[in-house]
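To start, the structure itself, in structure tokens.
Proteins get letters first, then strands, A, B, ... in listed order; numbering begins at 1 in each.
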Amino acid sequence: EVQLVQFGAEVRKPRESLKISCQASGYIFSAYWIGWVRQMPGKGLEWMGVIHPSNSKTKYSPSFQGQVTISADTSTSTAYLQWNSLKASDTAMYYCVSSNVIVAANVFDVWGQGTFVSVSS
Amino acid sequence: EIGLTQSPATLSASPGERVTLSCRASQSVSNYVAWYQQRPGRTPRLLIYDASTRASDIPARFTGSGSGTEFTLTISSLQSEDSAVYYCQHYNDWLSWTFGQGTRVEI
């Protein structure tokens, strides 16, 4: 079964750093783009960026370029989303997504269950 | 950057009714549109891709159509479990994705 597994929640204070993870299973991790989608409380979906684990090539949405870092570790089939200095406005659910794994289209066909990040002093 | 506008923002209907959700692109996107369903408190799931192809295990009552700038998602006979927010998405071959703002379907 194709799966993306994420931890449930993280709580941090402003200006702290954070790295959340997403472990893939059931498919060849290095062969497909994997990325992140943000959903702020009560709001819609926003694509943040993707990475190709085979060569670590990344592409970020202009809205998130320079704000976060996406990385991947092929030895553990895990993708990461990292902040160096969190803001209260980073409070949101973050979904890990993969593209083109199940269907032959550049859509987000596999979703993790999400990690809720809460940033508050 | 291509924008997607969904309408209506909220739609209220009764079980068994036929409903149509709209997604308009700011410029032609060929058929590179997908639809996702997000039930309350749940993870989004892919319903439709390439404008009209149903993903695996998606009931036949969900139908996508359109090309160019105008796209629709039709639910032919609304069920209680269809209460959700529906998002359209544009994708392409250049690693860029855009979501519409969503349509909430209330039953």
Side-chain angles (χ1 to χ4, degrees), chain A residues 1-9 22 26 32-53 55-65 70 92-116, chain B residues 1-10 21 23 29-58 62 64 67 71 73 84-106:
Chain A
E1 181 189 5
V2 176
Q3 281 191 93
L4 297 174
V5 177
Q6 302 180 243
F7 290 114
C22 166
Y32 301 93
W33 293 93
I34 188 166
W36 296 89
V37 170
R38 183 177 79 173
Q39 186 168 39
M40 300 176 77
K43 302 299 184 183
L45 305 172
E46 303 171 271
W47 164 65
M48 301 177 72
V50 292
I51 187 168
H52 202 286
N55 56 13
S56 294
K57 178 178 178 179
T58 54
K59 176 78 181 293
Y60 293 93
S61 162
S63 299
F64 293 93
Q65 180 78 51
I70 295 173
M93 180 71 84
Y94 293 88
Y95 292 104
C96 176
V97 293
S98 62
S99 177
N100 209 10
V101 173
I102 297 175
V103 305
N106 291 336
V107 295
F108 299 149
D109 51 359
V110 186
W111 292 68
Q113 71 271 40
T115 296
F116 186 75
Chain B
E1 184 175 314
I2 294 172
L4 296 177
T5 302
Q6 292 188 241
S7 61
T10 303
L21 287 61
C23 177
V29 296
S30 185
N31 68 330
Y32 293 137
V33 164
W35 291 89
Y36 297 83
Q37 177 194 62
Q38 186 176 31
R39 292 171 172 151
R42 303 289 295 274
T43 297
R45 68 164 176 164
L46 177 67
L47 293 178
I48 302 283
Y49 62 97
D50 290 348
S52 61
T53 304
R54 267 189 300 273
S56 297
D57 299 326
I58 301 304
F62 291 94
S67 66
F71 299 87
L73 174 69
V85 179
Y86 293 84
Y87 296 94
C88 62
Q89 179 200 47
H90 165 57
Y91 53 97
N92 56 37
D93 295 329
W94 302 281
L95 303 176
S96 177
W97 293 265
T98 303
F99 288 99
Q101 79 277 24
T103 291
R104 182 179 303 277
V105 174
E106 298 175 341

Quiz item: Just wondering, are more than 12 heavy atoms of other shown residues or ligands nearer than 6.0 Å to CZ in B:R104?
Solution: no
Exercise. Verify the neighbour count for atom OH of A:Y94: are there more than 12 heavy atoms of other residues, nucleotides or ligands below 6.0 Å?
Key: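 Above 12, so yes.
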Self-check item: Largest heavy-atom contact set with chain A, pairs under 4.5 Å, which of B:R45, B:Q89, B:Q101, B:E1
Solution: B:Q89
Exercise. Identify which of B:S56, B:G100, B:P44 forms the greatest number of heavy-atom pairs closer than 4.5 Å to chain A.
Key: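 Most pairs with chain A among the choices: B:P44.
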Quiz item: When only pairs under 4.5 Å are counted, which of A:W33, A:F108, A:Y60 shares the most heavy-atom pairs with chain B?
Solution: A:F108
Please report the shortest heavy-atom distance between [X] and [Y], naming the atom on each side.
X      : Y      : answer
A:N106 : B:W97  : O-NE1, 2.6 Å
B:T43  : A:G112 : CG2-O, 3.3 Å
A:G44  : B:Y87  : CA-OH, 3.4 Å
B:R42  : A:Y95  : O-OH, 3.6 Å

Quiz item: Using the ring of each side chain (for Trp, its six-membered ring), is A:W111 parallel, tilted or perpendicular to B:Y36, with breaks at 30° and 60°?
Solution: perpendicular
Quiz prompt | Residue B:N92 versus chain A: region with a heavy atom under 4.5 Å | solution =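 Answer is backbone: N, CA, C or O of B:N92 sit under 4.5 Å from chain A.
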Exercise. Please name the residue in the list B:L46, B:V33, B:I48 that meets the side-chain contact (heavy atoms from CB on, under 4.5 Å) test with A:V107.
Key: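 Only one of B:L46, B:V33, B:I48 forms a side-chain contact (heavy atoms from CB on, under 4.5 Å) with A:V107, namely B:L46.
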Self-check item: Residue pairs passing the salt bridge (charged side-chain N to carboxylate O under 4.0 Å, His left out) test where at least one lies in residues 38-52 of chain A, sequence neighbours excluded
Solution: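 For residues 38-52 of chain A, and leaving out neighbouring residues, the salt bridge (charged side-chain N to carboxylate O under 4.0 Å, His left out) pairs sorted by first residue read A:R38-A:E46.
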Quiz item: When rounded to the nearest 0.5 angstrom, what distance separates NE2 in A:H52 from CG in B:L95?
Solution: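 CG of B:L95 is found 9.0 Å from NE2 of A:H52.
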